[in-house]
Amino acid sequence: MTQSDAPHLVLVDGSGFIFRAFHALPPMTSPNGVPVNAVYGFTNMLARLLREHVGTHLAVVFDAGRQTFRSDIYPQYKAHRPEPPEDLRPQFALIRDATKAFNVPGIELQGWEADDLIASYATAVRQIGGTCTIVSSDKDLMQLVGPGVCMLEPIKQTAIGVPEVEAKFGVTPDKVIDVQALMGDPTDNVPGVPGIGPKTASALVNEFGTLEAVLAAAPEMKKSKRRDMLIEHADAARISRKLVELACDVPLPLPIDDLAVREMDKVVLADWLEDMGFRSVLTRLGVGHPSGAHAHRAARAAAHASVNGGGTESAAPTATPAQSEAVTAATAAAYGPYETVRTAEALQKWVSMAQEAGLCAVDTETDGLDPLHANMVGLSLATAPGKACYVPLRHEGTLEEPAGEQLTADAAINLIRPLLTDASVLKIFQNAKFDLLVFDRAGLDFASIAPVDDTMLISYAQSAGLHGQGMDELSTLHLGHTPISYDSVTGTGRNRIPFTQVPVGRATEYAAEDADVTLRLWHVLHPTLRTNQALALYEQIERPLSPVLAAMEKAGIAVDRAELGRLSEDFATRMAVMEKEIHEAAGREFNVASPRQLGEILFDEMGLKGGKRGKAGAWSTDSSVLQDLADQGHDLPARVLSWRQLAKLKSTYTDALLRQTTTEDRVHTSFQMAITTTGRLSSNEPNLQNIPIRTEEGGRIRRAFIAPKGYKLISADYSQIELRLLADVANIPALREAFELGQDIHARTASEVFGVPLEGMDALTRRRAKAINFGIIYGISAFGLGRQLGIPAGEARSYIDAYFARYPGIRDYMERMREQARTLGYVLTPFGRRCYVPGIQEKSAVRRQYAERQAINAPLQGGAADIIKRAMVRLPHALKEAGFSARMLLQVHDELLFEAPEAEAEAVAALARTIMEAAATLSVPLVVETGIGHNWAEAH
DNA sequence: CTATATACGTAC
DNA sequence: GACGTACGTATATAGG
């Protein structure tokens, strides 16, 4: 290639990309065990760049060294940046190897940041009449955008030009550094001016033109806080400007001519990709190795597996050829255009296509997020990647833009019913429980929709704790495609419109894409269930649970609305009295609900001792602090504690529950299936998993959850399930024996650890043993146990040591979990659920130890979640089989709550107990305790 | 006025 | 900072 008269130089911000890719991608390792996720991201990006955006010249630019002229001007600049994580460090060299493998020049210069080199090259190429594309998403480079210089976002590969920079900073690119100087940048320790954020900064620069003009105009400004800050921090702003302004006259390590795009050596590249294990890139690039590559790699992979016991397969998207193919198939087709279906004939055609395909993705659009009250506004189907349609049903349209012909919801449901109930066609949803309930409300019984797969649950079963399970996130991650966002379709805040008012054309683009993406995700994710050994977990637990939870949510639970109202009244009256007394004790009126104001009263005005400060420097007034003060005989903190208890019960429970109770006097929670890092469910709107029970006042709220006339509530809860799992997985003979014999486990522990006889054990000793047992489950620390028991950490330490000495297997278990988390990044429950533990490699001891405790706790908490889920999947069928009309209503982690006709109650309790105790076979018995009552408190 | 952050407190 | 997992309410603050 010869030097062109008008070169186009593409500059890749290598250093910026490394960090972004490292944090965006799941951990992966090369065949020889080195972490390579950032290298993988970089390789993909570079390959795509070479394919789609080649200029005449190309280079990758890196940072070199941490000392730059900026740290001379301002020592704090980037000074607080921690060392890169351990998993990233080996990847810096590998990324430089990657550029070599692609035969692209890598550029770095000691003492200069990549950004300065990029600025200098961009300037140089402009001077000789050329143009420049900067591949980076770093906002600090946006100051360079202008005639002949644009940027390219490296992951989505979207262009960043003057309009995009203006959208981001609110000013033209030449004024970006002035704005940055004012607003500062906490991530780089650029100080800026306190109190001035992005909005104010751009407004000021637009008004006055430059930073200096803003600073000059400051004394005349009206807003006093802003004026004072600008004057006081003017020099900080000037320094900030020097920090963010890029140097454009750095000596160029290589002349531009040397950056001319070169041919790559396919053999070198293919060899390197093989070494890294990037088979999918190899396939996509079509630089397949002429001979022997597959055998070569397979042999190395096998050697690796034997070293590590064969259990170290990572979540890398390159894990198997089948997965690579699935990714290729799912990512090849275009996202749209999609068809809008307006007639019975057209819908019938899509139903037939789905039946022919044997599977389809389905998605519903509604006018709300509560599936028990939302109406179906439209539905979409996808039958193959890129092939999807949207069926508008309740779009309203406007005078200028009528919605046009639409099928009625009833007509569409009747046309689609044969498809959704066809046992030979797999229906794929993202978060199936929601759509099942929407269809149910539209007249299509959710229990008849089968078979169903759920991409959210397929992903969650293998990646809890690693990333969120929302469709957009999964799509970006696995398909490299960011779907149209809901917010961009409906607007946000005051401008938000209901989906019924979204124009049908736009709705089709959005909704059909959702079904398309869901189908593609299924193609990519479902095969990974097998490779990650999560197929049984998904098939036997997560997948069948959706309709069970849907039924529970639909059923809801009855509440005594009048009683809740009385409680609210009672609490309000007593709070008013207390508030008056509190104000009198304080000597003035203040907002009792404000911790800040309370802290000032107690510690500044009244001068009480024993205050702790929180991280923001404010006085802590949490219950332990107030309790300490109360114990010293102070009256005011004791009264505040009582006030707080009632305020909590009223605002969080009685008032909130009254608001959420339907006209049928029932409340319907929503169970979230893919939120927690351990596999537990969560409950929201309202949260019925944290209804009070421990105090007398709280118990009154639980008594307001009732059985309707003629019915009873039945509670069934696992006794000590997490400790039983611990005894099982850690194989502790003494604990196992205690459970076998049905002994009081905490008393037995006390007896073993403290060497006191079981007979006549005193309550305090048992309480200590109980605290240790719970502490073990939580990944005990001497500090935590000491705080829990109100004893010095040193004394707690001696208890823990005695415990470990008596049960050495527990220490082994804990170390095994730490080690597994360190080597794999996740731990497993006994049922094969993967719980990722981010942070286990952290340098900071505090954060690392936190991750270690998660690793210890997750198999126990998660194992218990697996067991109760297994019981929940079996119970509805078992109840029906036995001829009961009882319904399961709630799950609270180790408890299930049922509602049954009075006559059935005893038998239902017995059945629930049988099913729950048989839900898993451990080396210790599972024990379930049941209770029956008119209300939840009585039943529990 | 809305959106976000922090503090606090329920549950298992 | 300091034993695990959640969710919701309240203030306070930032920005429009």
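Throughout, protein chains are lettered first and strands after them, A, B, ... in sequence-line order, and every chain is numbered starting at 1. This structure is a prediction, so every number in the text was calculated from the model and none was measured.
For A/Asn684, the side-chain atoms get nearest to C/dC7 when compared with the rest of C/dC7, C/dG4, B/dT10. The listed nucleotides are C/dG4, C/dA10, B/dC8; the one nearest the side chain of A/Arg644 is B/dC8. Here the nucleotide nearest the side chain of A/Ala656, chosen from C/dT9, C/dG8, B/dC12, is C/dT9. Taking the side chain of A/Thr677 as heavy atoms from C-beta on, and the options B/dC12, C/dT5, C/dA10, the nearest nucleotide is C/dT5. Each of C/dA10, C/dA6, C/dT11 was ranked by its minimum atom distance to the side chain of A/Ser682; first place goes to C/dA6. Here B/dA11 is the nucleotide among C/dA2, B/dA11, C/dG4 with the atom lying nearest to any side-chain atom of A/Arg702. Ranking B/dT10, C/dG8, C/dA6 by closeness to the A/Glu685 side chain, first place goes to C/dG8. Side-chain proximity of A/Tyr778 to the nucleotides C/dA12, B/dG9, C/dG4 is greatest for C/dG4.
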(request) Return one dot-bracket line describing DNA chain C 5' to 3' (Watson-Crick or G-U wobble pairs, both distances under 3.5 Å; ( ) same strand, [ ] crossing, | another strand, . none). (result) ...||||||||||||.

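Atom C1' of nucleotide C/dG15 and atom CG of A/Leu204 are separated by 13 Å, given to the nearest angstrom. Taking atom CD on A/Glu852 and atom C1' on C/dG1, their separation rounds to 15 Å, with Å as the unit. For A/Phe671 and C/dA6, the CZ to P distance is 16 Å, given to the nearest whole Å. Straight-line distance from the OH atom of A/Tyr813 to the P atom of C/dG4: 14 Å, rounded to whole Å. For the pair A/Glu722 CD and C/dA6 C1', the computed distance is 13 Å after rounding to whole Å. Taking atom CZ of residue A/Phe590 and atom C1' of nucleotide C/dT11, one finds them 14 Å apart after rounding to whole Å. Rounding to whole angstrom units, CG of residue A/Asn773 and P of B/dC12 are separated by 18 Å. The CG-C1' distance, from A/Leu567 to B/dT10, rounds to 16 Å in whole Å.
For A/Arg848 and C/dA2, the shortest distance from a side-chain N or O to OP1 or OP2 is not below 4.0 Å. Residue A/Gln854 places at least one side-chain N or O under 4.0 Å from the OP1 or OP2 atom of C/dT5. In this model, the phosphate group of C/dT5 is not approached by any side-chain N or O of A/Arg680 to a distance below 4.0 Å at OP1 or OP2. Proximity of A/Asn690 to the phosphate of B/dC12: no side-chain N or O atom is located under 4.0 Å from OP1 or OP2. For A/Tyr653 and C/dC7, the shortest distance from a side-chain N or O to OP1 or OP2 is not below 4.0 Å. Using a 4.0 Å cut-off, some side-chain N or O of A/Arg596 falls inside it from OP1 or OP2 of C/dT13. Between A/Thr652 and C/dA10 there is no side-chain polar atom (N or O) within less than 4.0 angstrom of OP1 or OP2. For C/dT5, neither phosphate oxygen OP1 nor OP2 lies less than 4.0 angstrom from any side-chain nitrogen or oxygen of A/Thr676. Contact annotation: A/Arg694 reaches the phosphate of B/dC12 (side-chain N/O to OP1 or OP2, under 4.0 Å).
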(message) Could you walk me through whether A/Tyr807 and A/Tyr803 satisfy the ring-ring contact (aromatic ring centres under 6.0 Å, His included) test, starting with their C-alpha distance in whole Å, then the side-chain angles of each, then the deciding distance to 0.1 Å, before giving a yes or no?
(response) CA-CA 6 Å; A/Tyr807 306 126; A/Tyr803 191 98; 4.9 Å; yes

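At a threshold of 4.0 angstrom between heavy atoms, the contacts of A/Ile776 with the nucleic acid are absent. Among the protein residues, A/Gln597 comes within range of the sugar-phosphate backbone only, with heavy atoms under 4.0 Å from sugar or phosphate atoms but none that close to a base. Counting any heavy atom pair closer than 4.0 Å across all strands shown, A/Ile780 reaches a base atom. Residue contacts for A/Arg659: at a heavy-atom cut-off of 4.0 Å it reaches the sugar-phosphate backbone alone, with no base atom in range. Contact annotation for A/Phe774: no contact, since no heavy-atom pair falls under 4.0 Å across all strands. Note on A/Ile856: nothing from the nucleic acid sits closer than 4.0 angstrom, heavy atoms only.
The closest donor-acceptor contact from the side chain of A/Ser594 to the backbone of A/Gln597 lies under 3.5 Å. With hydrogens and angles disregarded, a donor-acceptor distance shorter than 3.5 Å links the side chain of A/Ser683 to the backbone of A/Leu688. Checked by atom type and distance alone, the side chain of A/Gln660 never pairs as donor or acceptor with a backbone atom of A/Leu658 at under 3.5 Å. A donor-acceptor pair is defined here as one N or O able to donate and one able to accept, closer than 3.5 Å; such a pair exists between the side chain of A/Thr669 and the backbone of A/Pro686. Formation of a donor-acceptor pair under 3.5 Å by the A/Tyr813 side chain with backbone atoms of A/Ile856 is found in this model. No donor-acceptor distance shorter than 3.5 angstrom exists from the side chain of A/Glu553 to the backbone of A/Ser670, with no hydrogens or angles considered. At distances below 3.5 Å, at least one donor-acceptor pair connects side-chain atoms of A/His583 with backbone N or O atoms of A/Phe590. Distance alone, capped at 3.5 Å, places no donor-acceptor pair between the A/Lys650 side chain and the A/Met575 backbone.
Both tests pass for A/Arg613 against the ring of A/Trp619: distance under 6.0 Å to the centre and angle within 45° of the axis.
The side-chain heavy atoms of A/Leu713 and A/Glu938, taken from C-beta on, include no pair separated by under 4.5 Å.
Taking atom P in both C/dG1 and B/dT6, the straight-line distance is 13 Å, to the nearest Å.
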Under-3.5 Å N/O pairs linking protein and nucleotides 2-7 of chain B:
none

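Exactly one of A/Arg822, A/Glu819, A/Arg818 qualifies for a side chain to side chain contact (heavy atoms under 4.5 Å, CB included) with A/Ile840. That residue is A/Arg822.
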